[in-house]
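So the structure is just underneath, and the comments pick up after that.
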Protein chains: 2
Amino acid sequence: MELNTLDKGSHTPLYLQLARQLIRQIQSGVLKPGDKIPSERELSESLNVSRITSRQAIESLLKSGLIYREQGRGTFVAESKMHGIQGFSSFTEDIRSRGYQPGSKVIKQELVPVDEKCRQKLKMGPDELVLHLVRLRLADGEPIAIQYTHLPSRICPGLENEDLENRSLFSVLRDRYFIHPAWTEAEVRASNPTPEEADLLGIGLDEPVLVVDGVTFTESFDMVEVVRTVYNGKSISLYMGRQRLGLLV
Amino acid sequence: MELNTLDKGSHTPLYLQLARQLIRQIQSGVLKPGDKIPSERELSESLNVSRITSRQAIESLLKSGLIYREQGRGTFVAESKMHGIQGFSSFTEDIRSRGYQPGSKVIKQELVPVDEKCRQKLKMGPDELVLHLVRLRLADGEPIAIQYTHLPSRICPGLENEDLENRSLFSVLRDRYFIHPAWTEAEVRASNPTPEEADLLGIGLDEPVLVVDGVTFTESFDMVEVVRTVYNGKSISLYMGRQRLGLLV
DNA sequence: CAGTGGTCTAGACCACTGG
DNA sequence: CAGTGGTCTAGACCACTGG
């Protein structure tokens with residue numbers, strides 16, 4: 001296995017440079033499921049970094065479930081079915097993969113000053129603008145979710161004027177802005193809709209909705225969007241794929 | 001804030017001892033949401049450990065979402081409603097990592113013939129028995145979920161007679177049967193409780209519940225259990241960690 | 001036994017936040 | 001400016017796995 005030397009002068013931390021190299025090796029198939037990856041000591045010696053740095057790189061891949069460790073044996077590439085799976089894709093891709101025609105109706109699409117909560121999540125400066133997007137999402141024309149999206153306008157200038165009706169936001173980000181969403185971190189809960197949401201979804205105030213609060217990242221862990229999706233509880237369930245159990249305490 | 005000195009002779013790692021102390025401080029209300037917790041340096045000096053050890057303790061709480069860090073400002077106790085984190089571990093460990101005392105009340109614990117749905121999921125023979133377990137799950141004594149578990153009795157003979165009141169099923173599986181749950185595959189949706197569930201959870205029939213249907217595997221992909229967990233929607237949110245996006249389109 | 005990950009020490013410099 | 005978390009070094013001993 002070949003690894004490039006790391007750029008110690010770069011602004012990108014060494015452990016992230018190494019983590020990305022390992023991700024590429026796995027995605028390109030150089031490292032296959034079940035393969036043992038180099039030990040922390042091997043990595044640190046061959047790349048001239050400390051063991052803690054190589055360990056930090058490995059830990060960041062562990063979180064994503066791409067690899068797993070076994071004490072005394074080594075660190076291994078996880079079975080591909082363990083990660084990935086179609087659990088979280090874009091709404092458009094998700095709906096399409098279920099066999100429905102995806103669509104959306106734009107309710108709001110405007111630049112607003114960043115509020116404190118988004119600012120922290122997106123690591124933005126205090127005076128930056130975010131594009132605030134509210135869309136009613138449809139499957140075969142039926143409303144099944146409301147999506148509130150916040151994107152730093154810095155990374156997608158002009159998106160406030162783009163026509164997003166019936167288009168995938170992610171495909172616009174990829175094709176026009178060369179931003180490739182790769183990861184999402186989400187929190188899920190059951191709740192009731194607000195009166196506006198109930199109205200848009202055509203459901204009663206006491207019917208259940210599934211609320212997913214997420215943050216989306218690129219492969220290089222730059223944050224792309226903060227998004228809340230409110231699903232009509234009756235029309236959808238989310239498949240989570242294989243989750244590694246966190247057995248710590 | 002008082003912290004006990006750590007036991008360097010203990011088999012429990014120092015960082016875990018410290019992490020548990022911090023969890024208790026948060027649980028007991030000594031540390032409240034929004035409070036700043038001592039800095040890594042303060043902790044390491046007052047407890048006579050290295051900064052890396054105090055940092056490791058803080059990182060283990062970070063994963064559970066109990067706290068959050070802000071560079072240059074400090075580390076703070078998270079809003080208890082907003083964190084949620086660690087959605088997929090055993091219930092016991094999940095609740096404990098949130099700073100509550102886990103518990104359970106066994107409602108049903110009996111061997112039954114396998115039904116068709118379970119038989120397929122657990123890949124069992126047609127005449128095998130499953131242990132059917134229904135438990136009301138508690139956090140600090142408050143009912144927050146109902147859990148329906150099916151395990152092939154082949155892999156856990158005698159478990160029908162084990163006392164599971166207030167014990168972690170996973171810890172029994174590990175310690176007595178040497179079964180190590182490692183992965184879970186789940187489907188999540190929002191719904192309403194059945195009358196029995198509403199009664200057990202102490203909520204109304206039109207209040208939302210979060211239903212998680214899961215299958216648990218060992219590292220080697222042997223199926224361990226089929227489990228449905230019905231959470232009181234108001235008392236919990238699930239954190240999904242970092243999900244790789246499906247790159248379909 | 002050599003090799004692995006798990007834990008730990010005692011330092012260092014950096015970028016960032018607030019006053 | 002002093003304080004914070006973010007990254008990093010160069011070591012150490014431990015428990016565990018396999019041959």
Side-chain angles (χ1 to χ4, degrees), chain A residues 5-20 22 35-63 67-78 116 119-120 122-128 221-223 244 246-249, chain B residues 5-20 22 35-63 67-78 174 178 180 182 219-220:
Chain A
T5 55
L6 305 176
D7 178 6
K8 304 216 177 190
S10 160
H11 285 296
T12 306
L14 295 173
Y15 80 89
L16 252 188
Q17 293 181 44
L18 173 52
R20 287 171 187 164
L22 291 170
D35 283 357
K36 190 174 163 310
I37 73 170
S39 74
E40 299 170 356
R41 285 171 185 81
E42 279 170 15
L43 287 172
S44 64
E45 279 163 30
S46 67
L47 294 169
N48 269 305
V49 295
S50 74
R51 188 182 152 208
I52 286 186
T53 299
S54 64
R55 185 175 175 81
Q56 213 174 346
I58 285 174
E59 258 157 8
S60 76
L61 292 212
L62 262 186
K63 283 183 203 155
I67 59 178
Y68 62 96
R69 287 201 282 222
E70 285 186 33
Q71 186 178 144
R73 296 224 309 132
T75 304
F76 304 88
V77 179
E116 191 52 30
R119 202 177 75 78
Q120 286 177 12
L122 290 168
K123 292 189 178 160
M124 293 173 65
D127 297 325
E128 284 195 81
F221 297 100
D222 296 314
M223 268 168 270
R244 181 162 267 281
L247 300 177
L248 196 71
V249 181
Chain B
T5 55
L6 305 176
D7 177 5
K8 302 215 178 190
S10 161
H11 285 295
T12 307
L14 294 172
Y15 80 89
L16 253 187
Q17 293 181 44
L18 174 51
R20 286 173 184 162
L22 290 170
D35 283 358
K36 189 172 165 310
I37 72 169
S39 74
E40 298 170 356
R41 284 171 185 82
E42 279 171 14
L43 286 172
S44 64
E45 278 164 29
S46 67
L47 294 168
N48 269 303
V49 295
S50 73
R51 187 181 154 207
I52 286 187
T53 299
S54 64
R55 186 174 175 80
Q56 214 174 345
I58 285 174
E59 257 157 8
S60 76
L61 292 213
L62 261 187
K63 285 182 200 157
I67 59 176
Y68 61 96
R69 287 201 282 222
E70 284 185 37
Q71 187 178 144
R73 296 224 308 133
T75 304
F76 304 87
V77 179
R174 281 193 296 259
F178 308 106
H180 295 264
E219 193 72 77
S220 50

In whole angstroms, how far is the [atom2] atom of [N] from the [atom1] atom of [X]?
X	N	atom1	atom2	answer
Tyr15(A)	dG6(D)	OH	C1'	8 Å
Tyr68(B)	dG6(D)	OH	P	13 Å
Leu43(A)	dG5(C)	CG	C1'	13 Å
Phe76(B)	dG3(D)	CZ	P	16 Å
Arg55(B)	dT7(C)	CZ	P	16 Å
Ile67(A)	dG5(C)	CD1	P	10 Å
Glu40(B)	dC16(C)	CD	C1'	14 Å
Leu61(A)	dG5(C)	CG	P	13 Å

Closest approach of Gly74(B) to Lys36(B) (non-hydrogen atoms, all atoms of both residues): CA-CE, 4.2 Å
Using the 3.5 Å cut-off, write out each protein N or O paired with an N or O of nucleotides 10-14 of chain D and the distance between them.
{"residue": "dA12(D)", "atom": "N6", "partner": "Arg51(A)", "partner atom": "NH1", "Å": "3.2"}

Would you compute the distance between atom [atom1] of [X] and atom [atom2] of [Y] and round it to the nearest 0.5 angstrom?
X	Y	atom1	atom2	value
Ser39(A)	Glu45(A)	OG	CD	7.5 Å
Arg51(B)	Leu43(B)	CZ	CG	11.0 Å
Asn48(A)	Ser54(A)	CG	OG	12.0 Å
Thr75(A)	Ile67(A)	OG1	CD1	6.0 Å

Consecutive Watson-Crick or G-U pairs in runs of at least 3, all under 3.5 Å, in which DNA chain D is involved: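 The stems that DNA chain D takes part in, listed by first number, are C:3-16 with D:3-16.
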What nucleotide, of dT9(D), dG5(C), dG18(C), holds the atom closest to the side chain of Ser39(A)?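 The nucleotide sitting nearest to the side chain is dG5(C).
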Could you check whether any side-chain heavy atom of [X] comes within less than 4.5 Å of a side-chain heavy atom of [Y], counting everything from C-beta outward?
X	Y	result
Leu14(A)	Leu47(A)	no
Leu18(A)	Thr53(A)	no
Ile52(A)	Ile52(B)	yes

Contact class for Glu42(A) (heavy atom, under 4.0 Å): base, sugar-phosphate, or nothing? sugar-phosphate
Would you classify Leu14(A) as touching base, sugar-phosphate or nothing, given that sugar-phosphate means primed atoms plus P, OP1 and OP2, and contacts are heavy atoms under 4.0 Å?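 Leu14(A): backbone/sugar contact only, no base atoms under 4.0 Å.
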Contacts of type side chain to side chain donor-acceptor pair (under 3.5 Å), residue Arg69(B), not counting sequence neighbours: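 Only Glu40(B), Glu59(B) meet the side chain to side chain donor-acceptor pair (under 3.5 Å) criterion with Arg69(B).
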Is any side-chain N or O of Arg69(B) closer than 4.0 Å to OP1 or OP2 of dG6(D)? yes
Between Lys8(B) and His11(A), who's closer to the 5' end of DNA chain C by nearest nucleotide? Lys8(B)
